Amino acid sequence: MAEQQEPAGSLKDIIAHAKEYGFVFPSSEIYDGLQAVYDYGQYGVELKNNLKSVWWKAMTMLHDNVVGIDASIFMHPLTWKASGHVDSFNDPMIDNKDSKKRYRADQLLEAKAEEYANNGHPERGETLLNRMGRLLDANDLEGVRELIISEGIVCPVSGTDNWTEVRQFNLMFSTQVGAVSDDASLIYLRPETAQGIFVNFLNVQKTGRMKVPFGIAQIGKAFRNEIVARQFTFRMREFEQMEMQFFCRPGTEMEWYDKWKETRMKFHQALGIPASKLRFKPHDKLAHYANAAVDIEFKFPFGFREMEGIHSRTDFDLKSHQELSKKKQQYFDNDLNEDGKPYGNYIPYVVETSVGADRLFLAVLCNAYTEETSEEGKTRTYLKLHPAVAPIKAAVLPLVKKDGLPEKAREIQNQLKYDFNVFYEERDSIGKRYTRQDLIGTPFCIAVDYQTLEDNTVTIRHRDSTEQERIAIADLKAKIGHAVSLERVFENL
RNA sequence: GCGAAAGUAGCUCAGCUGGUAGAGCGCGACCUUGCCAAGGUCGAGGUCGCGGGUUCGAACCCCGUCUUUCGCUCCA
């Protein structure tokens, strides 16, 4: 048993901690839960809101040329035709019954076609791809299966052609708009927030008198039918994205791509994530719209995984919307080029930064989760959260529940509550109360003792060091305010 | 979807080869308590995931089912 024990700070510990202390609950738990959906609890929502707020302000307040919007989750169905989601994300899947491996049926056939081409029969490969294309367009999944079998395609692992039927995995959720189902039209829940930005590109550009280069930021929910959803809140069917699309002059996109790469990496470090737990991971295989793409990965307990993606999306999206909507998506650039003439009309290129709010939350939580064992062998668990994102900024604790200390503590709470999320507690021993605050990552505990009644000073205890210092009540607001300020975070950007 | 494991108190878990449920922590009340999960007394809380079956008797055995976790396949 002992050698099987998970190390401290494993995902299991973090999931248990998140649930136990009100950060993340499984969705619909009283009905035995719903896979890959989670709810944020009373402290989780504070932490998540703080993270979103830091991101939003880092984007909009620190950059003159970035503004925000809040687009709807419902969008015109053609949006997803334009973005490529309708065509590219209906994957036909097939399983091999012997090896239990799953493949994309189209990829198996494409591999076969490539094999023909490599063996000097490119025309046979072409024919195969055309047949596959017709079958997929007709949604003839049984035909696709027959094609795989007639081509003699076998599983590379088992070497057999003992295939299951081909099944369609639609990664977008759909629903109907319109109360009467007969008239209702099919509509999708957006699989990414980006398209809400693209379709508003000209609205924002014109009404905000924005000049390229400029960016539009947005935070919002998105929905994907993941084939499997695992690793806690890392893969969720309903999740929240924080995206910024930066519109720039064609040919300058790589400069901006590099700049945003660095800016975004610094952001995560400014939140207290050490550089050793972060890395860039360039994509070897680019998506249909990108000419460069890199992930910022965080070292989760289950390994380095994507937290944020930075993509150079070219003019793919705007061009595609222009084609389908028949509305020009051009920008007239008055700036003068090397020849002294205006750059004129063009469809801007786009650099996207897209971070999962839930993934950032999980990364920050994993990074903050700390177990320390003292010399006496006692284990102390606490969340080493950056004070700016901690759910509770300070707890006000009377040393004992008598002799006027609670009343004095309430006074202090009332002085602070308009500026900070403060917590008051008078039950149990002071040590127990300190510990409870450590477990939710409260950076400061203010203890009201008998000396407070004499000279209006309190002790303020620091979460990470557990050290205390005595300061005047009048200085609390400034002291805490400085520690939790965004300015301290942004200084590092 | 496949494979494996699991589901018993709020949490973590025990419960032997079947004899109708337990601990620690937590929670509530009271007493004690001057700084890092303090002590005492009392108390609340479970149709053992759900449905069948075998049996005199099922938390335990069998079948089904649901949910969760881990691995694999996909991932903008």
Side-chain angles (χ1 to χ4, degrees), chain A residues 6 10-13 15-17 19-21 26-36 80 83-85 88-108 155 157 164-165 167 169-172 190-195 222 224-232 234-235 241 243 283 285-290 293 295 302 305-306 309 311 313 316-317 352 354 356 374 376 378-382 397-403 405 427-439 445 447-451 458-459 461-463 465-468 470:
Chain A
E6 309 241 7
S10 71
L11 187 62
K12 220 175 153 187
D13 293 335
I15 293 170
H17 191 93
K19 187 181 166 204
E20 177 95 28
Y21 298 103
S27 164
S28 317
E29 199 185 6
I30 62 168
Y31 294 107
D32 289 325
L34 184 64
Q35 200 187 27
W80 308 113
S83 69
H85 285 83
S88 311
F89 298 103
N90 287 306
D91 296 332
M93 310 294 290
I94 191 166
D95 293 357
N96 184 274
K97 289 178 185 168
D98 298 317
S99 65
K100 310 293 184 198
K101 294 286 174 192
R102 171 171 297 167
Y103 302 90
R104 271 177 53 181
D106 54 334
Q107 287 179 350
L108 287 176
C155 169
V157 176
T164 63
E165 62 199 280
R167 278 161 302 191
F169 283 76
N170 191 341
L171 274 74
M172 285 197 288
R190 65 182 176 198
E192 64 174 17
T193 53
Q195 299 306 325
R224 289 180 199 169
N225 227 337
E226 303 276 3
I227 293 172
V228 288
R230 290 288 157 82
Q231 273 127 8
F232 196 39
F234 185 79
R235 286 168 203 271
Q241 290 186 309
E243 291 200 319
H283 286 205
K285 217 175 80 183
L286 293 174
H288 58 276
Y289 52 72
D295 289 340
F302 41 87
R305 292 294 144 80
E306 176 188 1
H311 297 220
R313 290 182 80 129
F316 174 88
D317 298 277
E352 165 188 276
S354 172
S374 66
E376 307 94 71
K378 274 189 176 173
T379 304
R380 187 169 87 97
T381 304
Y382 63 105
L397 314 170
L399 187 58
V400 291
K401 194 170 62 177
K402 59 180 182 183
D403 302 332
L405 296 186
R427 59 185 310 132
D428 294 320
S429 73
I430 189 94
K432 212 174 228 180
R433 284 177 276 162
Y434 285 151
T435 301
R436 279 203 279 261
Q437 295 305 312
D438 286 343
L439 289 165
C445 286
V448 174
D449 57 19
Y450 287 97
Q451 192 182 329
V458 290
T459 63
R461 169 191 178 269
H462 298 263
R463 176 195 63 204
S465 63
T466 75
E467 276 165 12
Q468 287 172 270
R470 184 161 282 275

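Every chain is numbered from 1, with letters handed out A, B, ... down the list of sequences. All values reported here derive from a predicted model rather than from experimental measurement.
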Closest approach to the side chain of [X], judged atom by atom: which nucleotide of [options] is it?
X      : options                : answer
A:Q231 : B:rG71, B:rC11, B:rG34 : B:rG71
A:L399 : B:rC11, B:rG34, B:rG71 : B:rG34
A:H311 : B:rA76, B:rC35, B:rC11 : B:rA76
A:R224 : B:rA76, B:rC35, B:rG34 : B:rA76
A:E192 : B:rG34, B:rA76, B:rC35 : B:rA76
A:Q468 : B:rC70, B:rG34, B:rC36 : B:rC36
A:L11  : B:rC70, B:rG34, B:rC35 : B:rC70

[N] and [M]: how far apart are their [atom1] atoms, nearest whole angstrom?
N      : M      : atom1 : value
B:rA21 : B:rA59 : P     : 8 Å
B:rC62 : B:rG7  : P     : 14 Å
B:rC66 : B:rU47 : P     : 24 Å
B:rA29 : B:rU12 : C1'   : 26 Å
B:rC25 : B:rG18 : C1'   : 31 Å
B:rC70 : B:rG24 : C1'   : 28 Å
B:rG1  : B:rU8  : C1'   : 30 Å
B:rG46 : B:rG10 : C1'   : 12 Å

Whichever of A:Y450 and A:E20 has its nearest RNA chain B nucleotide further upstream toward 5':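 Its nucleotide being nearer the 5' end, the pick is A:E20.
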Residue met sooner reading RNA chain B from 5', once A:R470 and A:E352 are mapped to nucleotides: A:R470
Distance check needed: [N] [atom2] versus [X] [atom1], whole Å only.
X      : N      : atom1 : atom2 : answer
A:E306 : B:rA76 : CD    : P     : 8 Å
A:D449 : B:rG34 : CG    : P     : 13 Å
A:R235 : B:rC74 : CZ    : C1'   : 9 Å
A:I15  : B:rU69 : CD1   : C1'   : 8 Å
A:F234 : B:rC74 : CZ    : C1'   : 14 Å
A:R433 : B:rA38 : CZ    : C1'   : 13 Å
A:D428 : B:rG34 : CG    : P     : 15 Å

Nucleotide forming a Watson-Crick or wobble pair with [N], both distances under 3.5 Å:
N      : answer
B:rG43 : B:rC27
B:rU33 : none
B:rU67 : B:rA6
B:rC74 : none
B:rU17 : none

Charged tip of A:R436 within 45° of A:Y434 ring normal and under 6.0 Å: no
Would you confirm whether [X], through its side chain, and [Y], through its main-chain N or O, come within 3.5 Å as a donor-acceptor pair?
X      : Y      : result
A:R224 : A:R190 : no
A:R461 : A:E467 : no
A:E352 : A:H311 : no
A:R235 : A:F232 : no

OP1 or OP2 of [N] sitting under 4.0 Å from any side-chain N/O of [X]?
X      : N      : result
A:R436 : B:rG26 : no
A:S429 : B:rA38 : yes
A:K12  : B:rU69 : no
A:K432 : B:rC35 : no

Carboxylate-amine/guanidinium proximity below 4.0 Å for A:R313 and A:E192: yes
Ion pair A:D428/A:K401, N-O distance below 4.0 Å: no
Check: A:Q195/A:S83 side-chain N/O donor and acceptor closer than 3.5 Å: no
Which part of the nucleic acid does [X] contact within heavy-atom distance under 4.0 Å: base, sugar-phosphate only, or nothing?
X      : answer
A:L439 : base
A:P191 : base
A:R427 : sugar-phosphate

